[in-house]
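Taking it in order: structure first as structure tokens, then the write-up.
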Amino acid sequence: MDEKDIFETFLNAEQLFKDKEVIRPSYTPEKLPHREQEITTLASIFVSALKGETPSNVFIYGKTGTGKTAVAKYVGKELIEKGRQLSKTLLFVYINCEIVDTEYGILSNIGNSIIKNWNEMIPFTGWPMEKVYDKLKEEIEKQGGVTIIVLDEIDKLVSKSGDDVLYVLSRMNTDLKNAKASIIGISNDLKFTELLDARVKSSLGEEEMIFPPYNAAQLQDILKQRAELAFNKDVLDPSVIPLCAALAAQEHGDARRALDLLRVSGEIAERDEQKNITEAHVRKAQNKIEIDRVAEVIRTLPTQSKVVLMAILLNREIGQETLTTGDVYDTYRALAMKANASILTQRRITDLISELDMLGIINARLISYGRGGRTREISASVPVKETKKVLEEDELLKNLSNYKPLKQATLV
DNA sequence: AATCCACAGGAAGCCCGGGAAC
DNA sequence: GTTCCCGGGCTTCCTGTGGATT
């Protein structure tokens with residue numbers, strides 16, 4: 001086969017997507033349906049920046065995919081625009097704390113996004129904290145006006161490196177003379193303020209906003225708006241958007257999930273060389289997203305847990321649907337021995353089984369066989385073949401998958 | 001009613017790696 | 001650098017228990 005032909009089929013395929021970017025999670029749309037009220041509230045807080053006063057610090061809470069980041073970025077953008085019209089100095093800095101999660105990183109990032117002069121940049125390592133802070137202050141002072149700092153996924157920052165940075169930042173206003181700074185913290189964990197120092201808590205939480213999840217109807221509006229830009233005319237079956245919305249509404253109204261479903265549906269249809277996207281593609285997409293999620297969880301499991309999971313899967317392969325803790329432990333021992341791994345005690349395996357249960361990879365419920373003992377009844381809740389494939393990626397588990405467990409004496 | 005199975009799961013303590021304090 | 005402390009993984013030892021069987 002000559003090389004051109006490989007691509008030929010794809011090139012000739014019907015174009016479903018007009019602009020795929022629009023339904024990627026990173027895209028910030030022009031309009032945010034059903035977030036008008038949140039936008040207004042946030043704008044009313046920020047408006048003082050235009051008057052040259054310090055806006056209150058804000059905490060924004062809400063589950064994933066409720067539009068927190070989008071609203072913050074949107075209002076920030078509008079604010080800068082307005083500021084330019086009124087020729088006021090306004091700076092807007094956005095930092096995702098999942099990516100930048102150290103005290104030094106936060107401060108130097110804020111600093112560098114303000115500093116205009118290339119050769120004055122704060123190096124990514126090397127300076128003492130004190131110097132970084134002074135430099136940051138100096139720059140903000142030099143620019144004057146109001147600087148708004150958005151710290152997204154702020155809970156990640158606090159859980160990884162504590163609240164020292166927040167304390168430093170919250171105190172910055174008292175050190176500044178002719179400039180002002182205010183902070184927006186975004187978190188999807190409502191309880192995370194409990195980890196904070198009381199002073200930080202009160203100074204950062206001057207205003208609090210909670211973003212409610214979207215319902216199915218609202219999700220439909222969001223999807224419609226994006227679909228118009230993302231897909232060519234008439235490629236979507238009319239039932240596709242309602243279905244995506246309904247499925248995502250079940251997952252605590254996650255707009256990101258809804259958009260993912262729509263995008264993956266499109267990608268599946270595209271690969272199948274279909275001219276339009278149907279309900280069936282959405283179902284497949286739902287399945288694929290779920291499998292990807294599970295695969296990711298399994299991949300990051302500690303090795304011993306993987307061996308336990310393998311033990312359960314192998315038993316199921318020989319027709320043992322439900323197992324007791326003892327059955328699992330027997331197989332586990334054999335596998336661990338074969339893999340030259342250390343063999344943990346049954347007590348420990350009990351805990352690992354509980355963890356797998358919590359992750360939803362297996363089902364374990366407590367039952368009693370009367371005189372036959374009291375134990376857990378364990379069964380896998382993931383597809384055997386696919387899961388085994390993921391487990392085999394682990395060097396240690398590679399040659400375990402063809403092991404045949406001893407048939408357990410079946411009790412009736 | 002008493003027995004007894006096959007574990008569940010709590011308590012205490014060991015070991016080890018990593019970060020803070022000295 | 002050393003020391004101290006903390007948390008997580010793990011073991012050892014243990015008590016508790018639902019219900020078929022005796």
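Letters A, B, ... mirror the listed sequences (proteins, then strands); counts begin at 1. Heavy-atom basis, side chains included; hydrogens, waters and symmetry copies ignored.
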Next item on the list: Compute the ring centroids of A:F211 and A:Y61, then answer whether they are less than 6.0 Å apart.
Entry: no
Check: What are the residues of residues 332-349 of chain A, sorted by number, that bring a heavy atom to within less than 4.0 Å of DNA chain C?
Finding: A:I343, A:L344, A:T345, A:R347, A:R348
Next item on the list: Rounded to the nearest angstrom, tell me the gap between atom CZ in A:R365 and atom C1' in B:dC7.
Entry: 16 Å
Item checked: Between B:dC5 (C1') and A:D327 (CG): distance, integer Å -> 15 Å
Check: Taking atom C1' of B:dC7 as reference, at what distance in whole Å does atom CZ of A:R376 sit?
Finding: 10 Å
Checklist line | Quiz item: A:S368 side-chain donor-acceptor pair to C:dG19 base, under 3.5 Å | finding: no
Check: Tell me, do A:I154 and A:L166 make a side-chain contact under 4.5 Å, heavy atoms counted?
Finding: yes
Next item on the list: May I ask you to check whether A:S354 and A:R376 show a side-chain donor-acceptor distance below 3.5 Å?
Entry: yes
Next item on the list: Would you mind listing every side-chain hydrogen bond (donor to acceptor under 3.5 Å, both in side chains) that reaches into residues 280-289 of chain A, with sequence neighbours excluded?
Entry: A:T278-A:H281, A:K288-A:D292
Notebook entry, point to check: B:dC7 P sits how many Å from A:I378 CD1, rounded?
Noted result: 9 Å
Next item on the list: Map A:I353 and A:R371 onto DNA chain B by nearest heavy atom, then report which one ends up closer to the 5' terminus.
Entry: A:R371
Note to self: From C-beta outward on A:R374, which listed nucleotide comes closest to its side chain: B:dC5, C:dC10, C:dG18?
What the structure shows: C:dG18
Item checked: A:Y94 versus A:D152, side-chain donor and acceptor atoms under 3.5 Å -> yes
Check: Using a distance-only test with no angle check, is there a side-chain donor-acceptor pair under 3.5 angstrom linking A:S401 and A:E392?
Finding: yes
Next item on the list: Would you kindly give the CD1-to-P distance between A:I367 and C:dT17, to the nearest whole Å?
Entry: 19 Å
Next item on the list: Using whole Å, report how far CD of A:Q304 lies from C1' of C:dT11.
Entry: 13 Å
Margin query: Any base atoms under 4.0 Å from A:L366, or only sugar-phosphate, or nothing? Heavy atoms, all strands.
Written below: sugar-phosphate
